[in-house]
There are 2 protein chains.
Amino acid sequence: MSAGQSGPGRRPFVRIGEEGRRAALIDATLDLIAEGGPQAATVRAIALRAGVTPGLIRHYFATKEDLVAAAHESLMSGLTDASGATLAELPDTPLARLAGFIAAAVSPPVTDPRGVALWAASMQLVPRDAAMRAVHEKTYLAFRDRLQGLIADALIAAGRGTGDTRALAIAGNALLDGLWIEAGALPGHFRDGEMKDIAIKAFSRLLQLELPEG
Amino acid sequence: MSAGQSGPGRRPFVRIGEEGRRAALIDATLDLIAEGGPQAATVRAIALRAGVTPGLIRHYFATKEDLVAAAHESLMSGLTDASGATLAELPDTPLARLAGFIAAAVSPPVTDPRGVALWAASMQLVPRDAAMRAVHEKTYLAFRDRLQGLIADALIAAGRGTGDTRALAIAGNALLDGLWIEAGALPGHFRDGEMKDIAIKAFSRLLQLELPEG
DNA sequence: GGCGTAATTATACGCTTGCATAATTGCGCA
DNA sequence: TGCGCAATTATGCAAGCGTATAATTACGCC
């Protein structure tokens, strides 16, 4: 029996470049936070989930706080990228574009409990961590500005003025945020597509436009 | 010198009834969570803040989890009571009532960072704790139903039908939630009263009513 | 194909945590 | 006024935490 060694021996391993390891550690961190909250993301649990031993974390991140910060940044840039990718696939006419953007924001896969849980976790750090606040502010404004642009285009296409698009974008963004949170926090509480219908109708009235329900 | 004892001596204390102690421990817990997140609310920190020694906590709460759950329930019922008290002080005409309710929901003292931080902390537990989810669901529906009632009254007073008040209440609730969160998360980002103006205008369009800007 | 080195594992330390239990003391009550 | 008991303090413990450091091993390179 070649497997019968005298001791348990040292665990074998394969080397993966810095890039891959950092990504694996970040993914493991986000998974654990989403499933069990920040207190579940211990160094040992992260290492176990990532398939390495705890010591390795220190090789890539000076401190656990650094790892969590990197995970948060990765999460946020991921959301931003997803939003941008959505935009690229939307139709061309301004009204349909806006409607598609709204629908995507309150439908799966954007509305999922994991995302809401992660968002709540990061939200908690925003008031007292300056770096977190900066990231929050940046991503919040990026999304809102994108929405504001779509709103302005739709209003112009309808031959309407673009007076208070800032207020409309703030309100529209708040509406989407609130619906997204409830859809994620209370899954099963709303019919399939109900959030989308509510969002489209609410925006139609908010902008006094007829958005296609498609 | 009567103060010069041989040893430090045992710390003196005064007895307070169960009611007062439990309230003090709950308040200390909420303060700590609001300031430093759940991980700051350790048994020792809570006891220090409440002016007692750690052992006493075990005398009133079988486990720390019990204390946190009690604190969450206290927080939520406090918010519900505050909302009810607001309602009692509103004017009598349906439109003014609705406008006052909306304005209160997105103005100080309702919009404060402490409240948003506590809400985010509890939000994080909702997806994986059944008891938390039940409380969240109950308070969410209570607020939404209250809003739905005010909306229906306003529509009736305007001689309008009350067809889809459910959808309007869901959207309106989401709008208020989103504005409340951003006001609390990014204090100083919005002019004084800006949130109120945005909320009133958005609701006016949403309901196709002229709400008084008060 | 063997050597050097960076990636990885292994071990250990000090600290904090939640919780248990024993010792004390303030205070209502007769 | 002093007794009795519950409220409170004091002490201790086992487990888990993040982190430091030394030992090992996979793998690129000449």
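Here is how names work: the chains are called A, B, and so on, in the same order as the sequence lines, proteins then strands, and each is numbered from 1.
Look at B/H59 and you won't find any side-chain N or O under 4.0 angstrom from OP1 or OP2 of D/dT8. A sub-4.0 Å separation between OP1 or OP2 of C/dT8 and a side-chain N or O of A/Y60 is present.
Distance A/E19 CD to C/dA6 C1': 17 Å, rounded to the nearest Å. Whole-Å rounding puts the A/I57 CD1 to C/dA7 P distance at 16 Å. Rounded to whole Å, atom C1' of C/dT8 lies 12 Å from atom CG of A/L25. In this structure, CD1 of A/I16 is placed 12 Å from P of C/dA7, rounded to the nearest angstrom. In this structure, A/R21 atom CZ and D/dC27 atom C1' are separated by 14 Å, rounded to whole Å. B/Q39 places its CD atom 14 Å from the C1' atom of C/dT16, with the value rounded to the nearest Å. Between the P atom of C/dA10 and the CG atom of A/L48 lies a distance of 13 Å, rounded to the nearest Å. Between B/I46 atom CD1 and C/dG18 atom P there is a gap of 7 Å when expressed in whole angstrom units.
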- Please assess A/E182 against B/D177 for the test side-chain contact (heavy atoms from CB on, under 4.5 Å), listing each intermediate value before the final yes or no. CA-CA 10 Å; A/E182 288 308 332; B/D177 277 357; 3.9 Å; yes
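A centroid separation of 6.0 Å or more is found between the aromatic rings of A/F101 and A/F203.
Applying the side-chain hydrogen bond (donor to acceptor under 3.5 Å, both in side chains) rule to A/R21 yields no partners; only residues at least two apart in sequence or on another chain are considered. Residues forming a salt bridge (charged side-chain N to carboxylate O under 4.0 Å, His left out) with B/R166 (at least two apart in sequence, or on another chain): A/E194.
For the pair B/R22 (side chain) and B/Y60 (backbone), a donor-acceptor distance under 3.5 Å is present. Formation of a donor-acceptor pair under 3.5 Å by the A/S83 side chain with backbone atoms of A/L79 is not found in this model.
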- Task: Report, as a single string ordered 5' to 3', how protein heavy atoms within less than 4.0 Å touch nucleotides 18-25 of chain D: B base, S sugar-phosphate only, - not at all.
- Result: BBS--BSB
